[in-house]
Amino acid sequence: MTNHSETPGPTGNGHIAYEGPGPEHQITLRTPAELADALPYLLGYRPEDSMVLVALHDQDGRGRFGGRARLGIPSSSGDWPSAARQLAHGLITGSERRGAKPAQMVAFVCQEPAPGESGRQVMRRLAPLAQRLRTECGRLDVPVIEAICISGGRFWSYCCPTEGCCPDDGRPMGLPGTSVLAAAAAYAGIQVRGSLKELRARLQPWETAAALEQEIALDAAGLAVVPRILDDDGRAEVAEETLELAARVMRRLADAPCVAGSAAGDLRDDRLITSEEAAALILGLQDRSTRDRAAEWMEGDEAGPALRLWRALARRCVGPYGEHAAAPLTLAGWVAWSTGDDLEAREALAMALGADPEYLFARLLHQACNEGLDPESVRRCLRGERVQRAQAQGPTANTAAPTCSDGPEGGEACDGGMDPVGTTGTPSAGRSRSREPHETPPRRRRRTRAGEPGPAAAPDRTRPGTPRPDSTHTGPSRRPGRGRPAAAANGGTRLGSACDPGADPSARTTGEDM
């Protein structure tokens, strides 16, 4: 860029170091073009509709990349000040808690043009948001040395020193994978996993014709499970049946032929799980103790099939069952974090909090992951729980050892045989949202329609207009006229007390502090 070819670094020399796994992977970025090209490699994906802050730390006169934080751009400009404040505060204070306050900051705003809109118009429309990010960071004594807008395959700097510094039409982004940074990242084994939209699509509920069939199955499972979970013995039976069914489905996923690509793999997994099985598992995982036992499938040969199952169940939380996705999304985030995939972990846990902002297990894990804590402390606790239960129950304790795990670029790496569990049981609807062991879950309000059959009538799954029977729902509801239960009965988790990973559940950051 004319008159703006170098971005001032911490000492004004314009050098920002990008560090890979080893010294041989370190390169220096000097221009806004290089910073714009670096963003997907810093995050691990291409951000969309996002505002991003990247911390810089002073190291021997150079700026070294530190934590990164991202938030979606609010649709209303009136929400921009609070969102910018949250993003800046979350990243800077999080870095301080880890012992190193950023010396400076780089800000990005990324959004594709709307129909009939140009990238230049996007740049001008987002200029107040970029300025707000600079103001909020400055309020915390961390100056923003560069602010960049990326839109429509082009980029603009908001920090040009003179009028006319940047062309009105911006500068074109380089072709993906052609820069020096791209070569260094490829050499270091760092991958860009597509766009944020593609990553989230693996966890979002269906919006296809199959969603209706799944909703009917969830309705039927809810009707069947309510009488059972009102009885203490029935509640324990439902928990065992849920875990046995999950183990069987995981073995089925592990035995499935491997395919290349995440989209093809997810489609294969969806075909291997029936609507009735998914409904039973989704409702069963709403139970706090059942969910915590399912979290024990977190490492080794069990982790891959478990992650695939939790993703598939999150995709099945359709229609009015969106809040039920908090459990499988949290489990998916936990397994991803446990196996070293912080990127998917943050997104899954953020989506879990989107489904239920008060889901304590997700809040704890999300904060711990953002703080860069080691998940081993949680793994140790879960291993101990598993061993104690196995000692108490004998050799029949529920375990699973499927052997097909996600490989690079969304494919799977299959290890061949496996140790079957040998458990049997009838698929059953699980218990609803997390409750204390002796707490009776309330019934979900029934939607009465003209000509609706009585509660004892089984739903007719052949007709799309079949009335919805009662189903349990003990978590918070955001529908009009619904009250929220007390926090202690909502999303509670044994891990929150026995295996607290060191997070502060009251200080949730919705962005990504990497």
Side-chain angles (χ1 to χ4, degrees), residues 45 72 196-207 211 214 218 242 246 249-250 253 262 266 269-270 273 278-279 281-288 290-298 303-339 341-370 375 378 406 430 432-434 473-478 490-493 495-496 501 503 505 508-512:
Y45 58 87
L196 180 60
K197 181 179 180 180
E198 293 168 345
L199 179 63
R200 288 178 169 172
R202 308 191 72 183
L203 302 169
Q204 289 176 334
W206 286 348
E207 294 182 354
Q214 184 61 64
L218 285 162
T242 299
V249 174
M250 287 169 59
L253 295 175
S262 59
D266 292 343
D269 292 346
D270 288 339
I273 306 173
L281 291 170
I282 289 169
L283 292 174
L285 290 173
Q286 307 307 307
D287 173 41
R288 174 178 62 92
T290 305
R291 179 209 61 204
D292 287 354
R293 287 178 60 182
E296 296 169 5
W297 295 319
M298 61 188 171
L307 179 57
R308 290 163 57 190
L309 175 58
W310 308 144
R311 287 187 192 129
L313 294 183
R315 295 192 293 269
R316 303 290 188 104
C317 293
V318 298
Y321 293 90
E323 289 181 351
H324 288 66
L329 284 170
T330 301
L331 289 171
W334 159 237
V335 176
W337 184 38
S338 177
T339 54
D341 189 349
D342 290 0
L343 172 58
E344 180 167 1
R346 289 188 185 92
E347 289 305 318
L349 292 170
M351 291 175 68
L353 291 169
D356 182 356
E358 301 301 325
Y359 203 69
L360 182 58
F361 192 20
R363 293 176 66 192
L364 290 169
L365 292 177
H366 191 250
Q367 185 69 16
C369 184
N370 282 340
V378 186
D406 280 355
S432 187
R433 181 80 76 184
S434 303
H473 182 81
T474 62
S477 173
R478 288 180 287 279
N490 172 28
T493 171
L495 299 182
R508 179 171 68 86
T509 302
T510 59
E512 299 167 358

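Since the structure is predicted, the reported quantities are computational estimates derived from the model, not experimental observations. Scope of the values below: all heavy atoms of this structure, side chains included, with no hydrogens, waters or symmetry mates.
Salt bridge absent: E296 and R291 never bring a charged side-chain N and a carboxylate O closer than 4.0 Å. For the pair D266 and R315, the salt-bridge criterion is met [side-chain N within less than 4.0 Å of a carboxylate O].
The shortest side-chain heavy-atom distance between D342 and W337 falls under the 4.5 Å cut-off. Looking at W297 and V335, their side chains never come closer than 4.5 Å, going by heavy atoms from C-beta outward. Inter-residue side-chain proximity for E344 and L307 is flagged as met; some heavy-atom pair is nearer than 4.5 Å. Contact of the W334 side chain with the V378 side chain is registered, since non-hydrogen atoms from C-beta on lie closer than 4.5 Å. Side-chain contact between L349 and L329 is absent, with no heavy atoms from C-beta onward closer than 4.5 Å. Looking only at side-chain heavy atoms (C-beta outward), R346 and N370 come within less than 4.5 Å of each other. The shortest distance between side-chain heavy atoms of D270 and W206 falls below 4.5 Å.
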### Task
Show the numbers, then the answer: is there a side chain to side chain contact (heavy atoms under 4.5 Å, CB included) between T330 and Y359?
CA-CA 9 Å; T330 301; Y359 203 69; 3.5 Å; yes

### Message
Assess the residue pair Y45 and E347 against the criterion (side chain to side chain contact (heavy atoms under 4.5 Å, CB included)); give the C-alpha distance rounded to whole Å, side-chain angles, the decisive distance to 0.1 Å, and a yes or no.
### Response
CA-CA 11 Å; Y45 58 87; E347 289 305 318; 3.9 Å; yes

### Task
Give the intermediate values and the outcome of side chain to side chain contact (heavy atoms under 4.5 Å, CB included) for residues R308 and M250.
CA-CA 8 Å; R308 290 163 57 190; M250 287 169 59; over 6 Å; no

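Separating the OG atom in S338 from the CG atom in L331 is a distance of 12.0 Å, to the nearest 0.5 Å.
Smallest separation of non-hydrogen atoms from G284 and T242: CA-OG1, 3.6 Å.
Every residue two or more places apart in sequence or in another chain that forms a side chain to side chain donor-acceptor pair (under 3.5 Å) with D341 is listed here: R193. Judged as a side chain to side chain donor-acceptor pair (under 3.5 Å), and not counting sequence neighbours, T339 has no contacts. Applying the side-chain contact (heavy atoms from CB on, under 4.5 Å) rule to A278 yields the partners Q214, I273, L313, R316; only residues at least two apart in sequence or on another chain are considered.
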